[in-house]
Amino acid sequence: MKKVAIIMGSDSDLPVVEKAIDTLAQYGVPAEVHVYSAHRTPEEARAFAMNARANGFGAIIAAAGKAAHLAGALAANTTLPVIGIPVKASVLDGMDALLSTVQMPAGIPVATVAIDGAANAALLAIEILAVSDDELAAKLDSARRAATEKVLKANAAVEEKYNK
Ligand code: RP5
């Protein structure tokens, strides 16, 4: 199976990124986690992205806050799918990172999830790998069914309590 890379701009992003790490582990998807900053370690970030496909990765998750150019900088150096997590890390509550990550000019796409949306970033990476992995696709289907059951159960309880 291809690996998923999780790159964060600072180790201060780790509390957010942990949800992505946990979600990938739940699905048994191999992952590597690194701290590479687009502005503090630009050479390392570039080298990682340039070699990612040859090193067995199928998708890259990039988490960064403030003027968050990490996802775009990685995407500039690979044609692997890059998923950006805008991290809430400043007085602007993550809106700065959201706009910096999502507003990529045409030609270099970054699939951007919600502010601090690390679980969805991992699920999107898993969906990308599942395009060519039926076992992984079955795990995703099963999780969707479980989520549906949970909501139907909650609905039944609420209806029972309030709809006499
Ligand atoms: C970004 O700046 C990082 O991704 C982090 O979210 C934010 C703050 O970084 P630190 O100053 O905490 O290292 O580059």
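Numbers for residues simply follow the sequence, beginning at 1. When a ligand or atom number is given, it counts from 1 through the structure's own listing order. Predicted, not measured: the structure shown is a model, and the values here were computed from it.
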Set of residues that line ligand 1, where lining means a heavy atom lies under 4.0 Å from it: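 Ligand 1 is contacted, at a heavy-atom distance under 4.0 Å, by G9, S10, S12, D13, H39, R40, A64, G65, A89.
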For S10, all residues meeting side-chain contact (heavy atoms from CB on, under 4.5 Å), sequence neighbours excluded: S12, D13, R40
No-hydrogen, no-angle side-chain donor-acceptor test under 3.5 Å, R53 and T79: yes
Rounded to the nearest 0.5 Å, what separation is found between the [atom1] atom of [X] and the [atom2] atom of [Y]?
{"X": "L70", "Y": "Y36", "atom1": "CG", "atom2": "OH", "result": "11.5 Å"}
{"X": "N55", "Y": "K2", "atom1": "CG", "atom2": "NZ", "result": "10.5 Å"}
{"X": "Q26", "Y": "L123", "atom1": "CD", "atom2": "CG", "result": "8.5 Å"}

K19 atom NZ, neighbour heavy-atom count above 12 within 6.0 Å: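 For K19, atom NZ is not crowded (no more than 12 foreign heavy atoms under 6.0 Å).
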